[in-house]
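Side chains included, hydrogens not; waters and symmetry mates left out as well; all remaining heavy atoms used.
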Amino acid sequence: MEQSSTSALLQGAVLDLASDVVSALRSGEHVRAGSTLTTGGAGEGVARAAVRVLGADTLLPAALLRVPPDPGQLAVFKDAVTAHPPRPDAAPTVVWSHWAMARALRRLDQPPGPTAGEPGAEPGTGWLDEAGWQVLTHQLAVLAPLALPGEECAVTRVARRRPVDVARGFVRAVRRRDWQQAAGAGRWLTLLDGVPESLGLEAGLDFVRLMGGSDPRVALQLEAARLMPAGVLL
């Protein structure tokens, strides 16, 4: 029962945090993006865990809108990065998510600490290089916080080589009503050259918003996709 209660608290904290980020992306303000983490809405441990689930997107308003993060929010984010480095047997997506969070701190001139790795120490992409288009799209959706204008990394280069496969994955996710995966894939597609015009990406994203936009995790990806073509990173 206790484990179930903790899981429910974490899920609620993640949804609240995603909602705060969506509000900040729409309003251009930072205060609401920090409210879940800084007003006592979640315990310290749950707040850190929620940040780790949402990853670098916790600081997305700072990346896309040049809005300085709330100091309390930034402290929780930095603590989540430095206190929980990936284990040696961690999945590649976990390692990359941690790397993206550390990069977000460096972008704000906030050194993440020695446990986050050196600035140029990118993880590998061997598991993605030969992945089928279904697996590729699923993994890219998980790593959607890496999809940012003007940012370069090995995962971005993999996605850039396979726009048609990502487009196929987007269509499959929509057909399966997997709105979170569709929104994440759509976010990547807004950055890629060579996306088939027949996809109708803009209409597709509108449909995802209509059908799945009530989920703040979906809405976050859609807001990022909307802002990114004009986004300029710090």
Provide the closest heavy-atom pair for [X] versus [Y] in the form atom of the first, atom of the second, distance.
X: P61; Y: V21; answer: CD-CG1, 3.9 Å
X: A62; Y: P69; answer: CB-CD, 4.0 Å
X: V46; Y: A13; answer: CG1-CB, 3.7 Å
X: L10; Y: A49; answer: CD1-CB, 3.6 Å
X: A80; Y: V51; answer: CB-CG1, 3.8 Å
X: R160; Y: P163; answer: O-CD, 3.4 Å

Kindly indicate whether the side chain of [X], heavy atoms from C-beta on, has any atom under 4.5 Å from the side chain of [Y].
X: T125; Y: P92; value: no
X: C153; Y: W99; value: yes
X: F77; Y: D70; value: no
X: W96; Y: V142; value: no
X: E151; Y: T156; value: no

Could you pull out all donor-acceptor pairs under 3.5 Å where a side-chain atom in residues 175-186 meets a protein atom, sequence neighbours excluded?
residue: D178; atom: OD1; partner: Q181; partner atom: N; Å: 3.1
residue: D178; atom: OD2; partner: Q181; partner atom: NE2; Å: 3.2

Which residue pairs satisfy the ring-ring contact (aromatic ring centres under 6.0 Å, His included) criterion with at least one member in residues 132-164, sequence neighbours excluded? none

Same cluster (ILVMFWY, side-chain, under 4.5 Å), [X] and [Y]:
X: V155; Y: V135; value: no
X: V95; Y: L143; value: no
X: L60; Y: L108; value: yes
X: L199; Y: V174; value: yes
X: V67; Y: L105; value: yes

Using only heavy-atom distances, determine whether the side chains of Q139 and W127 contain a donor-acceptor pair under 3.5 Å. yes

Nearest 0.5 Å please: distance from the [atom1] atom of [X] over to the [atom2] atom of [Y].
X: T137; Y: R162; atom1: OG1; atom2: CZ; answer: 8.0 Å
X: L15; Y: L220; atom1: CG; atom2: CG; answer: 11.5 Å
X: S97; Y: R52; atom1: OG; atom2: CZ; answer: 9.5 Å
X: L136; Y: E130; atom1: CG; atom2: CD; answer: 11.0 Å
X: M101; Y: H84; atom1: CE; atom2: NE2; answer: 9.5 Å
X: L222; Y: L227; atom1: CG; atom2: CG; answer: 11.0 Å

Side chain to side chain contact (heavy atoms under 4.5 Å, CB included) partners for A219, two or more places apart: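 Result, side chain to side chain contact (heavy atoms under 4.5 Å, CB included) vs A219: V22, R26.
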
Among all residues two or more places apart in sequence or in another chain, which pass the side chain to side chain contact (heavy atoms under 4.5 Å, CB included) test with R161?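 D129, R157, V158.
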
Identify all side-chain donor-acceptor contacts of residues 187-198 below 3.5 Å with residues at least two apart in sequence or on another chain.
residue: R187; atom: NE; partner: A144; partner atom: O; Å: 3.2
residue: R187; atom: NE; partner: A147; partner atom: O; Å: 3.2
residue: R187; atom: NH1; partner: D57; partner atom: OD1; Å: 3.2
residue: R187; atom: NH1; partner: D57; partner atom: OD2; Å: 2.9
residue: R187; atom: NH1; partner: Q221; partner atom: OE1; Å: 2.9
residue: R187; atom: NH2; partner: D57; partner atom: OD1; Å: 3.2
residue: R187; atom: NH2; partner: A144; partner atom: O; Å: 3.3
residue: R187; atom: NH2; partner: A147; partner atom: O; Å: 3.2
residue: W188; atom: NE1; partner: L140; partner atom: O; Å: 2.7
residue: T190; atom: OG1; partner: R187; partner atom: O; Å: 2.6

Does anything in residues 199-213 form a side-chain hydrogen bond (donor to acceptor under 3.5 Å, both in side chains)? List the pairs, not counting sequence neighbours.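 Only R209-E223 qualify under side-chain hydrogen bond (donor to acceptor under 3.5 Å, both in side chains).
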
